[in-house]
Asker: 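What follows is a single structure, and I will ask about it in a moment.
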Amino acid sequence: MAKTDMIDPFGRAITYLRVSVTDRCDFRCVYCMAEDMTFLPKRDLLSLEELDRVCSAFIEKGVKKLRLTGGEPLVRRGIMTLVESLGRHLRSGELEELTITTNGSQLAKYADELTRHGVKRINVSVDTLNDQKFRAITRWGELAKVKDGIRAAQAAGLAIKINAVALKGVNDAEIPEMIRWAHGEGMDLTLIETMPLGDIDGDRTDQYLPLSQVRASLLERFTLEDIPYKTGGPARYVRVKETGGRLGFITPLTHNFCESCNRVRMTCTGTLYMCLGQEDAADLRTPLRASEGNDLLNAAIDEAIGRKPKGHDFIIDRRHNRPAVSRHMSVTGG
Ligand code: SAM
């Protein structure tokens, strides 16, 4: 069958699929989840074989980059079976990149296997280098374990990008130190603005830190040179002259990047979200399970891409102190 590239109503080619393989996580980051989250019953989840089937259908349609995320992707039982089977699309050349976003807690266990199955780069989320703060942000996480995981990933030959959510009054003063640490270890660092997704226990207005402000204060210490580096995601990069490393900014609030959006996201139940910041979604599980062939699934994907919205409009201020969408980041996958 000829490749039917997925083009949305605004002419954007969809080449990047992010799949949340589980909504469960071994951390409870304060900006991401409430502490007493209710997780989906296991029977609602797509099996690993079903996840493989949907991912493969997307690759057949033109997806070039696939990211497994969550929840915490490495806590899904048997996850390496999925990574291994998806690796065949790398070897065939149909898929350019298979990657994961992880909190790093299980990396020491899985780094070698990830490399063996063709993963080359991963994102690891670390918001602070202070042990106590790390525990306070993640509620259940242990920084030393994450650092061990990072070391194991480096030893296994994986390139690492550290993702840090910028949090006012929590890690803002530490950002220069994080830049020096990440770059000193040969890793990229990307800063992310908090997005209003899902009800959490605290108040997001208190946490929100515009990256325009962070950038301005970094300029007092560092020389930031805009560079055209792209990873297929939404970050805009600079080179920090003093460290020689790359620093990315993901700014869904201060600078909306929807015009170049190439992504869709699927949850672990097979719900496809065409935009992280909108409620509209398409059910892929029903067509997937309705027949062994992929005709119904492909038709559902085409129909969904045909209604991908132009973008989101996240706002965080005192007057809009409600989540823009009700689901948490752990559902759609960050
Ligand atoms: N467990 C994995 C991890 O920690 O990277 C993957 C899932 S996690 C939801 C993916 C990323 O989303 C993490 O970097 C996390 O910090 C970020 N994130 C979660 N909630 C967010 C929010 N409300 N705004 C911005 N980023 C968020």
Side-chain angles (χ1 to χ4, degrees), residues 18-34 37 39 67-76 79 99-107 110 114 121-128 133-134 136-143 145-146 149-150 153 160-168 170-171 178 182 187-211 214 233-235 248-254 257 263 265-268 273 276-277 312 314-316 321-334:
R18 302 172 69 117
V19 179
S20 175
V21 296
T22 175
D23 61 332
R24 290 165 199 255
C25 189
D26 51 345
F27 290 5
R28 288 288 180 281
C29 298
V30 289
Y31 51 77
C32 185
M33 290 185 180
M37 292 284 288
F39 293 111
R67 178 178 300 279
L68 305 182
T69 175
E72 172 49 42
L74 297 182
V75 302
R76 170 95 195 234
I79 187 65
T99 184
I100 64 163
T101 298
T102 174
N103 64 24
S105 69
Q106 313 292 314
L107 261 182
Y110 290 125
L114 286 169
R121 291 188 321 138
I122 60 172
N123 290 355
V124 184
S125 305
V126 180
D127 297 329
T128 175
K133 259 189 214 172
F134 190 85
I137 294 173
T138 62
R139 290 193 184 107
W140 298 358
E142 211 186 302
L143 181 59
K145 204 167 164 199
V146 172
I150 291 174
I160 299 176
K161 176 163 78 82
I162 300 292
N163 278 342
V165 175
L167 299 163
K168 187 162 71 186
V170 179
N171 63 0
M178 291 195 66
M187 306 182 289
D188 292 343
L189 173 69
T190 292
L191 302 173
I192 308 174
E193 286 174 340
T194 36
M195 290 172 249
L197 303 174
D199 273 317
I200 51 168
D201 298 328
D203 177 354
R204 285 185 203 280
T205 332
D206 293 338
Q207 303 175 338
Y208 172 56
L209 176 62
L211 287 183
V214 173
F249 295 91
I250 300 186
T251 54
L253 286 105
T254 53
F257 41 65
R263 297 174 285 292
R265 299 163 190 262
M266 189 177 75
T267 70
C268 54
Y273 285 95
L276 179 61
H312 62 249
F314 290 137
I315 305 172
I316 299 186
N321 195 14
R322 291 183 47 74
V325 293
S326 56
R327 62 187 190 279
H328 293 90
M329 188 70 135
S330 52
V331 174
T332 344

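All ligand and atom numbering here is 1-based and tracks the order in the structure. Note: hydrogens, waters and symmetry copies are ignored here, and every other heavy atom, side chains too, is used.
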Asker: Which residues satisfy the side chain to side chain contact (heavy atoms under 4.5 Å, CB included) test with C268, sequence neighbours excluded?
Answerer: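 Listed in chain order: D23, L40, L45.
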Asker: Would you kindly specify which portion of T69 sits under 4.0 Å from ligand 1, judged on non-hydrogen atoms: side chain, backbone, both or neither?
Answerer: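 Near ligand 1, T69 shows its side chain, while the N, CA, C and O stay back.
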Asker: Please say whether N163 places an N or O atom under 3.5 Å from an N or O atom belonging to ligand 1.
Answerer: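 No, no N or O pair falls under 3.5 Å.
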Asker: What do we get for N123 next to ligand 1 when only non-hydrogen atoms under 4.0 Å count, side chain, backbone, both or neither?
Answerer: neither
Asker: Suppose I only count heavy atoms of V165 and a 4.0 Å limit; which atoms of ligand 1 are within that range?
Answerer: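 Taking each heavy atom of V165 in turn, ligand 1 has 16 (O), 26 (N) under 4.0 Å.
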Asker: Might you work through the salt bridge (charged side-chain N to carboxylate O under 4.0 Å, His left out) test for D201 and R139, ending with a clear yes or no?
Answerer: CA-CA 12 Å; D201 298 328; R139 290 193 184 107; 3.0 Å; yes
Asker: With only distance considered, is I192 within less than 3.5 Å of ligand 1 through an N or O on each side?
Answerer: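 No; every N/O pair is 3.5 Å or more apart.
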Asker: List ligand 1 atoms under 4.0 Å from M195, heavy atoms only on the residue side.
Answerer: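 Matching atoms, with element in brackets: 22 (C), 23 (N), 24 (N), 25 (C).
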Asker: I need the minimum non-hydrogen distance between C25 and M33, along with the two atoms involved.
Answerer: CB-CE, 3.6 Å
Asker: For R121, is there an ion pair with D188 - N to carboxylate O distance below 4.0 angstrom?
Answerer: no
Asker: Tell me, please: is C29 in heavy-atom contact with ligand 1, that is, under 4.0 Å?
Answerer: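 Not so, C29 does not reach ligand 1.
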Asker: Polar contacts were defined as any N/O atom of the residue lying under 3.5 Å from an N/O atom of the ligand; does this apply to T101 and ligand 1?
Answerer: no
Asker: Going by the side-chain contact (heavy atoms from CB on, under 4.5 Å) test, name the single residue among E193, M195, K168 that passes it with Y208.
Answerer: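 Only one option passes, and that is E193.
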Asker: I'd like to check which ligand 1 atoms, numbered from 1 as shown, lie under 4.0 Å from a non-hydrogen atom of T194.
Answerer: 24 (N), 25 (C)
Asker: If we ignore angles and hydrogens, is there a donor and acceptor under 3.5 Å between the side chains of T22 and E72?
Answerer: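 Judged by distance alone, the side chains do not pair up.
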Asker: Under a 4.0 angstrom heavy-atom cut-off, which atoms of ligand 1 come close to G71?
Answerer: 1 (N), 2 (C), 6 (C), 7 (C)
Asker: Check each of R18, R265, R263 against L276 using the side-chain contact (heavy atoms from CB on, under 4.5 Å) test, and report the only one that passes.
Answerer: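 Answer after filtering R18, R265, R263: R265.
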Asker: Quick one: does E193 get a heavy atom under 4.0 Å from ligand 1?
Answerer: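 The answer is yes, since E193 has a heavy atom less than 4.0 Å from ligand 1.
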Asker: Under the rule for side chain to side chain donor-acceptor pair (under 3.5 Å), what residues qualify as partners of N123, not counting sequence neighbours?
Answerer: none
